[in-house]
There are 2 protein chains.
Amino acid sequence: MQITTRFTIAVHIITAIDYFNGKEKVTSSFLAESVGVNPVIVREIMGDLKAAGIIAISQGKSGIELVKDTRDITFYDVYKAIGCVDGEGLFHFHERPNPMCPVGGHIHKALDGKLQIIQSEFEDSLKCITLYSVIADTRQAIADDSELLHLS
Amino acid sequence: MQITTRFTIAVHIITAIDYFNGKEKVTSSFLAESVGVNPVIVREIMGDLKAAGIIAISQGKSGIELVKDTRDITFYDVYKAIGCVDGEGLFHFHERPNPMCPVGGHIHKALDGKLQIIQSEFEDSLKCITLYSVIADTRQAIADDSELLHLS
DNA sequence: CTAAATGTAAATAATTTTATTACAAGTTTG
DNA sequence: CAAACTTGTAATAAAATTATTTACATTTAG
């Protein structure tokens with residue numbers, strides 16, 4: 001497994017921070033409620049987003065703010081912030097190929113570059129989608145729903 | 001986590017079948033030795049590859065053969081054969097967003113399409129790399145090594 | 001000072017993945 | 001046919017990863 005739920009949780013968090021800005025007091029507990037996970041998970045992810053310069057928070061201080069324009073936050077920024085890049089990436093190589101076997105001893109060398117190409121292309125895809133678009137679509141979906149309610 | 005070691009194991013297996021064709025008696029145990037995993041894992045993956053029409057094996061019969069030209073087997077074929085497609089794909093959505101929250105209730109709708117685009121682009125990347133290229137590079141790496149030995 | 005938030009660590013639980021054991025069933029060979 | 005070997009598969013155990021929970025320190029606002 002390589003892309004944890006932490007990624008979609010992070011996107012959810014950023015969207016909620018933007019959406020509830022000025023409307024509600026946004027705390028880790030509030031966000032945890034919206035996301036449906038434990039507040040500690042939210043705080044850990046918020047810490048990652050803070051370290052990445054995406055949000056601003058500080059101990060004791062209530063209130064979470066977005067630092068960057070959501071047009072300038074891409075899925076890649078979030079993916080990287082969550083720590084998916086430092087690890088092994090998308091692919092998980094089996095760890096004990098037999099070095100005494102010609103294939104086992106050389107497959108890693110033959111595969112790594114190709115897997116890296118795919119990883120890079122994947123990251124390029126992530127760079128094409130902004131949080132702004134997610135937020136816009138979320139607002140639209142909410143508006144559509146609310147309209148339906150008024151009609152009925 | 002989404003792409004298991006089964007993917008690289010499958011690539012390893014196909015490469016080994018091709019490489020040892022005619023040289024060694026290739027069995028699940030032999031392959032397990034090269035890959036460094038349990039023979040049962042190899043058999044399960046072989047079963048997937050068989051179902052996908054990539055290799056031919058049958059109970060009792062010793063000898064595994066590639067059915068398709070390795071030029072026509074892409075990473076995507078392997079990825080699909082291993083069962084990565086039927087599942088949830090690359091991304092793992094957090095499962096309990098709060099439906100009572102405007103964001104929690106609509107984020108899924110706003111995100112799904114975008115994640116699907118990335119998934120599709122990822123699969124397109126996989127389609128660009130053939131097993132033939134992996135096998136060629138593996139043979140090359142083996143040859144380079146053997147040459148080094150002779151020089152020393 | 002008190003209340004409320006974030007920041008973290010540690011222990012537990014849950015989930016997923018891999019390994020192992022065991023045996024059934026089909027082939028081949030002698 | 002019998003023996004040896006192989007794939008096919010189920011069931012259980014072990015290992016690794018992820019998520020949850022509890023607890024408490026730290027910081028800020030009122």
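Residue numbering restarts at 1 for every chain, and letters A, B, ... go by the order of the sequence lines.
- Rounded to a whole Å, the CE atom of Met46(A) is 13 Å from the C1' atom of dT8(C).
- Under the rule for a side-chain hydrogen bond (donor to acceptor under 3.5 Å, both in side chains), the partners of Asp112(B) that lie at least two apart in sequence or sit in another chain are His108(B).
- Atom CZ of Phe20(A) is surrounded by more than 12 heavy atoms from other residues, nucleotides or ligands within 6.0 Å.
- Of the side-chain N and O atoms in Lys50(B), one or more sit less than 4.0 angstrom from OP1 or OP2 of dG8(D).
- Protein atom CD of Glu24(A) is 13 Å distant from nucleotide atom P of dA5(C), rounded to whole Å.
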(message) For a quick check, with a 4.0 angstrom heavy-atom cut-off, what is the B/S/- contact string for nucleotides 18-30 of chain C, read 5' to 3'?
(response) SSBB----BSS--
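- To the nearest angstrom, C1' of dG8(D) lies 9 Å from CD1 of Ile57(B).
- The nearest whole Å value for the distance from the CZ atom in Phe30(A) to the C1' atom in dT6(C) is 17 Å.
- When only modelled atom types and interatomic distance are considered, Asp18(B) and Thr15(B) share no side-chain donor-acceptor pair under 3.5 Å.
- Summarising the geometry, the separation between CD1 on Ile17(B) and P on dT7(D) is reported as 10 Å, rounded to the nearest angstrom.
- Nucleotide dG7(C) holds its C1' atom 15 Å from the CD1 atom of Ile45(A), rounded to whole Å.
- Rounded to whole Å, the distance from CZ on Phe7(A) to P on dA19(D) is 14 Å.
- At dT7(D), one or more side-chain N or O atoms of Ser28(B) fall inside 4.0 Å of OP1 or OP2 (strictly under the cut-off).
- For the pair Lys25(B) and dT6(D), the criterion of a side-chain N or O lying under 4.0 Å from OP1 or OP2 is met.
- Within a 6.0 Å radius of CD in Gln116(B), more than 12 heavy atoms belonging to other residues, nucleotides or ligands are found.
- Under a 4.0 Å N-O distance rule, the pair Arg6(A)/Glu44(A) qualifies as a salt bridge.
- Exactly one of Thr138(A), Ile14(A), Ile142(A) qualifies for a side chain to side chain contact (heavy atoms under 4.5 Å, CB included) with Tyr19(A). That residue is Ile142(A).
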